[in-house]
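Working notes, beginning with the structure itself.
What you see below is based on every heavy atom in this structure, not just the backbone, and it leaves out hydrogens, waters and symmetry mates. So you know, we letter chains A, B, ... as the sequences are listed, proteins then strands, and number each from 1. What you are looking at is a predicted structure, and each value in this text was computed from that prediction instead of being measured.
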Amino acid sequence: MDNSCLTVREGTSERPGNLSSGVPEDRKRLSQGPYYGATCIVLILACLSAPLLARGASLPSPNVCVLYPDVGEPYARITAEILNGIAERISASQPCTLALLEQADTHAAKGWLSGRSPKVVITLGRLATHVLETSGTRLPYVIGALDISPDTRPEASGISLAVDPAVMFDHLTKIAPRIKRVFLVFEPAHDRWLLERAIKEASARGLELRAEPAANVLEGAERYGHFVQIAEPHTDAIWLTLNNAIIDDQNLVPYLIEKAWYRKIIIVSNTLEHARWGVLFATYPDNRALGHRLAEMALQLAEHPEHPLGVDPLRDIKIAPNTRIMNHLGLPAGSTSHFEIRYD
Amino acid sequence: MMPGGSGHLRFQSTSLRGMLPYARVGGIAVVSLAAFLIMSWLMYREFRQLLIEQGVQLAEQFAHTSRPVFVVNNLDAIQKTASVFQGYPGVQYVAVIDRDFRVRYEDGVPSVPTHEAYRGSWPEHGTLAAEDDHFWHFIAPIGITDAEANSPYVERTRPGEVVGYVLLDIDKDRLRRLGFVLVPINATIGVVVTFLLIFWAKKETLSAHADVLESEVRIRTQDALAARDAALTADRHKSEFLATVTHEMRTPLHAIIGYTQLALENLQYHDDRPNETKFKVVLKNAVQLLALINNILDTTALEAGKMDVSLEPANLKDLVHSAIDTVRPLVSKNGNQLEHQINGQEMIVVDKAKLQQILTNLLTNAAKFTHRGHILLKAESTETQLCIEISDTGIGIPHDQQALIFQPFRKVEIDNAHKYQGTGLGLAISQAFCGLMGGAITVKSSVNAGATFTVTIPLPVRLKGDRHIDGARVSERAV
């Protein structure tokens, strides 16, 4: 019955360094299923921790709790890096963490949070955010590790996985200095905020941004298919954002890469896997830095929980170039040795 | 029960028993053919199902292959992909349509107006949408899925989406060809198997019949052997009985003849003519009776193999004259003329008594069956052979009875047979005597044209120790 009951991993990080391995040392695993089992576990824990609770009553409540998904690789490593980043920034206030399995019980999560009374919660990923938002708790929270949009969440606080156009343009112009025009397809209901930033940042860098809307993958495919036909080699670039609602990874991207190869068109992407497939470079989050930013935002929100901080785009990114594509496009690949991930 | 009813029942029983093998053969044939026809139908159905599954797989594969080119609306690529699938056996029509039922690409002529027929009931998986007598119509959706659906860092997971469909019309030629091949082949196999089963059943039946017949033959053979032994025993007893009786009858008969002759001499001395005539009749019948008894004795001796051959020098002329003298009264009585011719050496070494009896028998027959005719005896002896030919101009012998007259007690069957008295032993004894001396008697005759009997005896008659010739025991005697 593991799958039908809430299974959480909770812990309290006394030393941030404990998260370096990705799993806090003092984390416990709780199984809370049917009421009988849950009651038994609560009673046992109450008996065992009575001295600790008596002493803990004098300890300060944690300022920040983190809810995150209990998933396997490669996501577990990413989550651990983000958790490490968070812990590095809020070590003084002893963050507590709760790992949630897919079939998480929102009531149990709410109870868990009530027992700890944090000032703010950080949710990592879709599951944690969903559990917190449906649990009925009124705690302020910061969303991380999710491709949220202020267009759909105007009252939210957090950092989206959507890459900040300014950072994207900086990397693009650095690797391909001859770039003059950038093509982009956006989803109006979701990506308007990003588009506005892109227009502004492109203009600031002397780039022409050509963006066309698409409501679904077929329209997205049509727009990108058109772009790859009209784009000029060397001076035009196609930007594949992180929107799976308009970009079909399995069918569109391979086609674009094939066409771009023959026409020597630059494609950049915010999906790391695309770099392996053959785009010029792909971005991926700097998870530790993201953790830092989330923690800072959480502490800021804890000070003024009544003022949402809004959604920021992802600025802490890393670049994974494809040197074979760089060579094919005639771009200098000698300066790519410092990249952590590089596809040859 | 009435005889007629019994016969009817027997007829019915025989008919049913006779029809049983045919019924069994018919049953085997019907069952075998039915089994093979059912097998053909099952194989046909399985193959049809297989072809349908292949068609569904082909449509799904076509949809899967078409998905990328469909998403990016690359008509050249779609055409290239479709041409590959159109090359599959039986594919007559391919089409790619979008979810608004607009045709993106098609090649061939659809056998049914697919868009109208299936609007509103488009499947979520590849399926056989319809079929008619000549085509199967397969439809498979072109679906796209979200590769990031399992990512925990994506807020919106895009559900699987059908963006279009592929249509595939495959003809039923392969299925039809299979039907054309499968049914005759299975029917042929069925016939062959039927014949084998029938042959096997027949063989079993024949084997059973052979066993029955073999035991019946064995039983009958044992019965026949027993019957033969019984017959031989009875024949031996008959011969012994005849020999004993006739021997015992001959002794008093000699006394009768002797005293009759004495009485006859006395009557002749006293010239008592009336009584003399009566006693002559007695004497004549006694002599005839004695001859009959002697014949029976000879026959019995021959059958028992106890007849001896006594070779001795004899004068052929004397033998002939003696035989002629014996039969002369009968010859005269029937108004016949008897002539004889003797050539060659006169002295020969034969069983004198037997040769004389042979001549007497043949001349007696000639005289008996010839009236007012001519009888000719020709005898010729050489160094190597004695040949005696007796011919007459009598009533002759039918051709079909010439082989029977040498058997004991067999007489020529003619209309007025009662006129010719006799025991039917004469020719049989004569033939047997000739055989004892290494010779034979042949006859040539036709009805009303007389008969010619030819006696042939090789000379010299060779006897070496005791041996059997034609069933008779011969003892060598110094000549």
**Prompt:** Using non-hydrogen atoms only, which part of Ile247(A) is less than 4.5 Å away from chain B: side chain, backbone, both, or neither?
**Reply:**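 Ile247(A) touches chain B through backbone heavy atoms alone.
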Let me confirm one number: the [atom1]-[atom2] distance from [X] to [Y], rounded to the nearest 0.5 Å.
{"X": "Asn84(A)", "Y": "Arg288(A)", "atom1": "CG", "atom2": "CZ", "value": "7.0 Å"}
{"X": "Trp239(A)", "Y": "Ile266(A)", "atom1": "CH2", "atom2": "CD1", "value": "15.0 Å"}
{"X": "Ile230(A)", "Y": "Ile265(A)", "atom1": "CD1", "atom2": "CD1", "value": "9.5 Å"}
{"X": "Cys65(A)", "Y": "Leu132(A)", "atom1": "SG", "atom2": "CG", "value": "10.5 Å"}
{"X": "Ile148(A)", "Y": "Leu161(A)", "atom1": "CD1", "atom2": "CG", "value": "8.5 Å"}

**Message:** Given 3.5 Å as the limit, does a donor-acceptor pair link the side chain of Ser157(A) with the main chain of Leu309(A), or not?
**Reply:**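 Yes, the answer is positive, given that a donor and an acceptor are paired below the 3.5 Å cut-off.
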**Item:** Nearest non-hydrogen partners of Gly55(B) and Ile170(B), listed with the distance
**Value:**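 Taking Gly55(B) first and Ile170(B) second, the nearest heavy atoms are CA-CD1, 3.9 Å.
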**Largest heavy-atom contact set with chain B, pairs under 4.5 Å, which of Leu127(A), Leu124(A), Leu252(A), Val217(A)** =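 With the most close heavy-atom pairs to chain B, the winner is Val217(A).
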**Message:** Heavy-atom pairs under 4.5 Å with chain B - which of Ala245(A), Gly220(A), Pro254(A) has more of them than the others?
**Reply:**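 So the answer, after comparing Ala245(A), Gly220(A), Pro254(A), is Ala245(A).
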Donor-acceptor pairs under 3.5 Å, chain A to chain B, main chain and side chains both?
from, atom 1, to, atom 2, distance (Å)
Tyr75(A), O, Tyr153(B), OH, 3.1
Thr79(A), OG1, Tyr153(B), OH, 2.8
Arg126(A), N, Pro152(B), O, 2.7
Arg126(A), NH1, Ser151(B), O, 2.8
Arg126(A), NH1, Val154(B), O, 2.6
Arg126(A), NH2, Ser151(B), O, 3.4
Asp147(A), N, Tyr153(B), O, 3.4
Asp147(A), OD1, Glu155(B), N, 2.5
Arg153(A), NE, Glu155(B), OE2, 2.5
Arg153(A), NH2, Glu155(B), OE2, 2.7
Glu187(A), OE1, Arg156(B), NH1, 3.0
Glu187(A), OE1, Arg156(B), NH2, 2.7
Glu187(A), OE2, Arg156(B), NH1, 3.0
His190(A), ND1, Arg156(B), NH2, 3.4
Asn243(A), OD1, Arg156(B), NH2, 3.2
Asn244(A), O, Arg158(B), NE, 2.7
Asn244(A), O, Arg158(B), NH2, 3.2
Asn244(A), ND2, Asp146(B), OD1, 3.3
Asn244(A), ND2, Asp146(B), OD2, 2.3
Asn244(A), ND2, Arg156(B), O, 3.1
Gln250(A), OE1, Thr145(B), OG1, 3.2
Asn251(A), OD1, Arg67(B), NE, 3.0

